[in-house]
Amino acid sequence: CDTVDFDALFRHGVRFGYTPGVNKLDVAELALAFMIDALRLVIPLNVAMRAGRRPRMEQGRRLSGRVVGIHGCGNVGKEVVRLLQPFGCELLVCDVVEYPEFYAQYGVTPVSFEELLARSDVLTLHLPKTKQTLGLYTAEVLAKLRRDCVLINTCRGGIVDERALKERLKSGALVAACSAVFVTEPADDDELLNLPTFLATPHIGAATEPSRMAMGRAAIRGLSENILLEEGQFF
C-alpha cells in the first residue's frame with residue numbers, strides 16, 4: 001500500500017480493500033533460499049568464480065540446527081516457521097502480538113527484541129512498514145547482532161538502515177545479508193549491491209505465477225462482492 005494516496009481516497013469517497021497473506025508462501029520460500037545461500041557462502045563463491053579466481057573449497061555452515069530469529073510472526077512469519085520444521089532449528093520469535101497456540105504447536109520461543117538480536121544465527125524480518133518499524137534497524141541496532149549472523153529482509157525497504165548495513169558488511173562486522181527490498185526501488189546503491197557478502201534481488205517475494213493468480217483473484221473477488229471481506233479490510 002506504499003504508493004496509495006489515502007487522503008485522496010477519502011476526499012473522493014473511494015473505498016480501499018486488500019487481502020493480506022495471499023503471497024505468504026512465496027515470500028517465505030525466498031527467505032529460506034536466502035538463508036541457505038548465505039550460510040553456504042553461495043554469494044561470495046559465485047562472485048569469485050565469475051571473476052576467474054576458481055576457489056577450490058571454502059567451508060560454510062548448514063541451516064539445520066541453527067538459531068533462527070523471526071521478527072514478525074504474521075502471515076509470512078508463520079509460513080517461515082512451517083518451512084523450517086524439517087531443519088530442526090531453534091526458532092525465536094519477536095512480535096507485538098502473541099500467538100501461544102501456534103508457538104506451542106511448532107516449538108517456537110517468544111523472546112524480547114534484545115534477545116532476538118543477541119542470539120540469532122539467522123535473523124529474518126517479516127514486519128509491516130509502519131511508523132514504529134520504519135528505520136527500526138539503525139546502526140546501533142545492527143551493532144547488537146552477532147558478527148556471524150545472517151540478516152534477511154524480504155518485507156519492506158526502509159526498515160533497515162542501508163548505509164549502516166553497508167558499513168557493517170564492508171568492515172566484516174556482519175558476515176552476510178540478503179535483501180529483496182530497498183528504500184529506493186529499483187535499488188541504486190551499487191557499492192552495497194556489489195558487495196560479495198550481500199545477496200540482492202528485486203522486490204520478487206510475490207513474483208511467482210501462483211501468487212500473481214491468487215492476488216488477481218482476490219482483487220476480483222473484492223470488487224465483485226463489494227463488501228467487507230472476511231480476510232481483508234475496507235477503509
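In this chain, numbering begins with 1 at the start of the sequence shown.
Between Thr124 and Met35, some side-chain heavy-atom pair lies under the 4.5 Å cut-off. In this structure the side chain of Leu125 never reaches within 4.5 angstrom of the side chain of Thr154, judged on heavy atoms. With contacts defined as side-chain heavy-atom distances shorter than 4.5 Å, the pair Val181/Val160 does not qualify. With a 4.5 Å cut-off on side-chain heavy atoms, Glu98 and Tyr103 count as touching. Between His71 and Leu136, some side-chain heavy-atom pair lies under the 4.5 Å cut-off. Between Leu123 and Val150 the shortest side-chain heavy-atom distance does not fall below 4.5 Å. A heavy-atom distance below 4.5 Å is not found between the side chains of Leu127 and Arg156. Side-chain contact check for Ile43 versus Phe198: every heavy-atom pair is 4.5 Å or farther apart.
The cluster map of Ile, Leu, Val, Met, Phe, Trp and Tyr, joined by side-chain heavy atoms under 4.5 Å apart, puts Val175 and Leu45 in different clusters. In the hydrophobic clustering of this structure, Leu174 does not group with Leu199; members are Ile, Leu, Val, Met, Phe, Trp, Tyr whose side-chain heavy atoms approach within less than 4.5 Å, directly or through other members. Following chains of ILVMFWY side-chain contacts shorter than 4.5 Å, one cannot reach Met215 starting from Val27, and the two form parts of different hydrophobic clusters. Side-chain heavy atoms closer than 4.5 Å link hydrophobic residues (I, L, V, M, F, W, Y) into clusters, and following such links, even through other members, never connects Leu84 to Val67. Under the 4.5 Å side-chain heavy-atom criterion for Ile, Leu, Val, Met, Phe, Trp and Tyr, Phe34 and Val68 are members of the same hydrophobic cluster.
Residues His203 and Phe182 place their aromatic rings such that the two centres sit no closer than 6.0 Å. Between Tyr137 and Phe113, the ring centre distance stays below 6.0 Å. If you look at Tyr106 and Phe102, their ring centroids are closer than 6.0 Å.
A side-chain donor-acceptor contact under 3.5 Å links Ser112 to the backbone of Glu115. Between the side chain of Thr133 and the backbone N or O of Thr130 there is at least one donor-acceptor pair closer than 3.5 Å. In terms of modelled atom types and a separation under 3.5 Å, the side chain of Asn46 and the main chain of Val42 share no donor-acceptor contact.
Residues Pro128 and Ile159 share a closest heavy-atom pair of O-CD1, 3.9 Å. Residue Ala206 comes nearest to Asn23 through the heavy atom pair CB-ND2, 3.2 Å, listed as atom of the first residue, atom of the second, then distance. Ser120 and Gly69 get closest at one heavy-atom pair: OG-CA, 3.3 Å. Nearest heavy atom pair, residue His126 against residue Ala31, reads CE1-CB, 4.0 Å. Here the closest heavy-atom approach between residue Cys94 and residue Leu116 is recorded as CB-CD2, 3.8 Å.
Enclosure of atom CZ in Arg61 by more than 12 non-hydrogen atoms of other residues, nucleotides or ligands within 6.0 angstrom is indicated. In the displayed structure, Arg82 atom CZ is contacted under 6.0 Å by more than 12 heavy atoms of other residues, nucleotides or ligands.
Using a 3.5 Å distance cut-off with no hydrogens or angles, the side chains of Asp26 and Ser211 do pair a donor with an acceptor. No hydrogens or angles considered: a donor-acceptor pair under 3.5 Å links the side chains of Glu140 and Thr138.
The line from CZ of Arg146 to CG of Asp121 is 4.5 Å long, rounded to the nearest 0.5 Å. If you take CD on Glu162 and CG on Asn153, they are separated by 8.5 Å, rounding to the nearest 0.5 Å. Rounded to the nearest 0.5 Å, atoms CG (Leu165) and NZ (Lys170) are 12.0 Å apart. Taking CG of Leu151 as the reference point, atom CZ of Arg168 lies at 11.0 Å (rounded to 0.5 Å). Between the CG atom in Leu145 and the CG atom in Leu117 there is a gap of 5.5 Å [rounded to 0.5 Å]. Within the model, atoms SG of Cys89 and CG of Leu63 stand 4.0 Å from one another, a figure rounded to the nearest 0.5 Å.
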- Task: Run the numbers on Asp189 and Lys166 for side chain to side chain contact (heavy atoms under 4.5 Å, CB included), then give the verdict.
- Result: CA-CA 10 Å; Asp189 186 342; Lys166 178 172 64 177; 3.1 Å; yes

- Query: Given the rule in the side chain to side chain contact (heavy atoms under 4.5 Å, CB included) test, do Lys24 and Lys78 qualify, once you have shown the distances and angles that lead to the verdict?
  - Reply: CA-CA 9 Å; Lys24 60 184 180 181; Lys78 288 185 177 67; over 6 Å; no

- Task: Before giving the answer on side chain to side chain contact (heavy atoms under 4.5 Å, CB included), spell out for Gln85 and Leu91 the whole-Å C-alpha distance, their side-chain angles and the decisive distance to 0.1 Å.
- Result: CA-CA 9 Å; Gln85 292 302 296; Leu91 302 178; 3.6 Å; yes

- Item | salt bridge (charged side-chain N to carboxylate O under 4.0 Å, His left out) between Lys144 and Glu114, intermediate numbers included | CA-CA 8 Å; Lys144 296 178 181 181; Glu114 293 296 321; 3.1 Å; yes

- Would Ile70 and Leu92 satisfy side chain to side chain contact (heavy atoms under 4.5 Å, CB included), going step by step from the backbone distance to the final call? CA-CA 6 Å; Ile70 301 169; Leu92 310 179; over 6 Å; no

- Item | Pair Arg163-Asp161, salt bridge (charged side-chain N to carboxylate O under 4.0 Å, His left out): steps then yes or no | CA-CA 6 Å; Arg163 182 175 299 179; Asp161 183 332; 5.9 Å; no

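The side-chain contact (heavy atoms from CB on, under 4.5 Å) with Leu25 is formed by just one residue from the set Asn75, Leu83, Leu30; it is Leu83.
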